[in-house]
Amino acid sequence: IHNGKRWWTSRVAMPHGLMCVVFAPDHATETSAARELLKAQVDLKDAIFNCGRVGLLIAAFATNNLEWLRLATEDALHQPQRAPMHTHLVPLIR
């Protein structure tokens, strides 16, 4: 968080052995095109949905409860709007 004067950060311990897998499609996406798909305003229910997922994600890492990761990485702000542009997105998430 930046309060106008400084950044406030904190480390979150990652569970031992956790690995990140990155999928990089074989095509480029223009940032401006991807941003155009997003709503100009966010619905309160979607903001609450994503904020709750952030808390759950941090709790999953802090408690080493990796079963929570699928639920914690759900998104209501970006994935639904960008899915038509990235036909691989929904099958990968499933």
Side-chain angles (χ1 to χ4, degrees):
I1 296 174
H2 193 266
N3 68 358
K5 296 180 182 180
R6 65 169 282 213
W7 286 98
W8 294 83
T9 63
S10 180
R11 291 183 186 261
V12 175
M14 301 297 284
H16 179 71
L18 185 67
M19 294 173 36
C20 177
V21 176
V22 177
F23 173 80
D26 61 357
H27 63 277
T29 301
E30 292 294 326
T31 301
S32 59
R35 285 185 179 152
E36 285 178 13
L37 296 174
L38 301 178
K39 298 176 185 176
Q41 292 190 353
V42 175
D43 292 336
L44 180 60
K45 67 178 179 54
D46 293 336
I48 292 169
F49 180 95
N50 271 40
C51 287
R53 294 325 191 261
V54 170
L56 186 61
L57 182 64
I58 293 167
F61 289 147
T63 63
N64 200 26
N65 188 341
L66 302 183
E67 292 179 16
W68 290 349
L69 290 180
R70 179 172 296 279
L71 183 63
T73 55
E74 290 178 341
D75 173 65
L77 300 179
H78 305 90
Q79 292 171 355
Q81 291 82 5
R82 290 183 174 160
M85 176 182 269
H86 302 289
T87 56
H88 59 275
L89 181 63
V90 173
L92 280 173
I93 292 170
R94 287 186 192 147

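Numbers here are sequence positions counted from 1. Worth knowing before you read on, the calculation uses all heavy atoms, side chains too, and leaves out hydrogens, waters and symmetry mates. Just so it is clear, the structure is predicted and the values come from calculations on it, not from any experiment.
Side chain of N64 to backbone of P15: no donor-acceptor contact under 3.5 angstrom is found. Panel note: side chain N65, backbone E67; a donor-acceptor pair is recorded below 3.5 Å. Judged by distance alone, with hydrogens and angles left aside, the side-chain atoms of R70 form a donor-acceptor pair with the main-chain N or O of I93 at under 3.5 Å.
Within the structure, no pair that satisfies the side-chain hydrogen bond (donor to acceptor under 3.5 Å, both in side chains) test touches residues 9-34, not counting sequence neighbours.
Side chains of Q79 and L89 form a contact here, defined as non-hydrogen atoms less than 4.5 Å apart. D75 has its side chain within reach of P80: a pair of non-hydrogen atoms, C-beta onward, lies under 4.5 Å apart.
Grouping the Ile, Leu, Val, Met, Phe, Trp and Tyr side chains by contacts below 4.5 angstrom, directly or via other members, places V42 apart from F49. Note: the hydrophobic cluster containing M85 does not contain V90 (ILVMFWY, side chain heavy atoms under 4.5 Å, direct or indirect links). Cluster membership check: V54 shares its hydrophobic cluster with F61, using side-chain heavy-atom separations under 4.5 Å among Ile, Leu, Val, Met, Phe, Trp and Tyr. Taken together through direct or relayed side-chain contacts under 4.5 Å among Ile, Leu, Val, Met, Phe, Trp and Tyr, V12 and L57 form part of one hydrophobic cluster.
Separation of atoms CD (Q81) and CG (D46) is listed at 7.0 Å; rounding is to 0.5 Å. To the nearest 0.5 Å, the span separating NE2 on H78 from CZ on R35 amounts to 9.5 Å. Atom CG in N3 sits 6.5 Å away from atom CH2 in W8 (nearest 0.5 Å). Put simply, NE2 on H86 and NE2 on H88 are 6.0 Å apart, with the number rounded to the nearest 0.5 Å.
Within a 6.0 Å sphere centred on CZ of R6, heavy atoms belonging to other residues, nucleotides or ligands number more than 12. The environment of CG in L92 is crowded: more than 12 heavy-atom neighbours from other residues, nucleotides or ligands sit within 6.0 Å.
Residues W68, L71 make up the rest of the hydrophobic cluster containing L56, defined by ILVMFWY side-chain heavy atoms closer than 4.5 Å, directly or through other members.
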One pair to check against side chain to side chain contact (heavy atoms under 4.5 Å, CB included): L77 and K39. What are the steps and the verdict? CA-CA 8 Å; L77 300 179; K39 298 176 185 176; over 6 Å; no
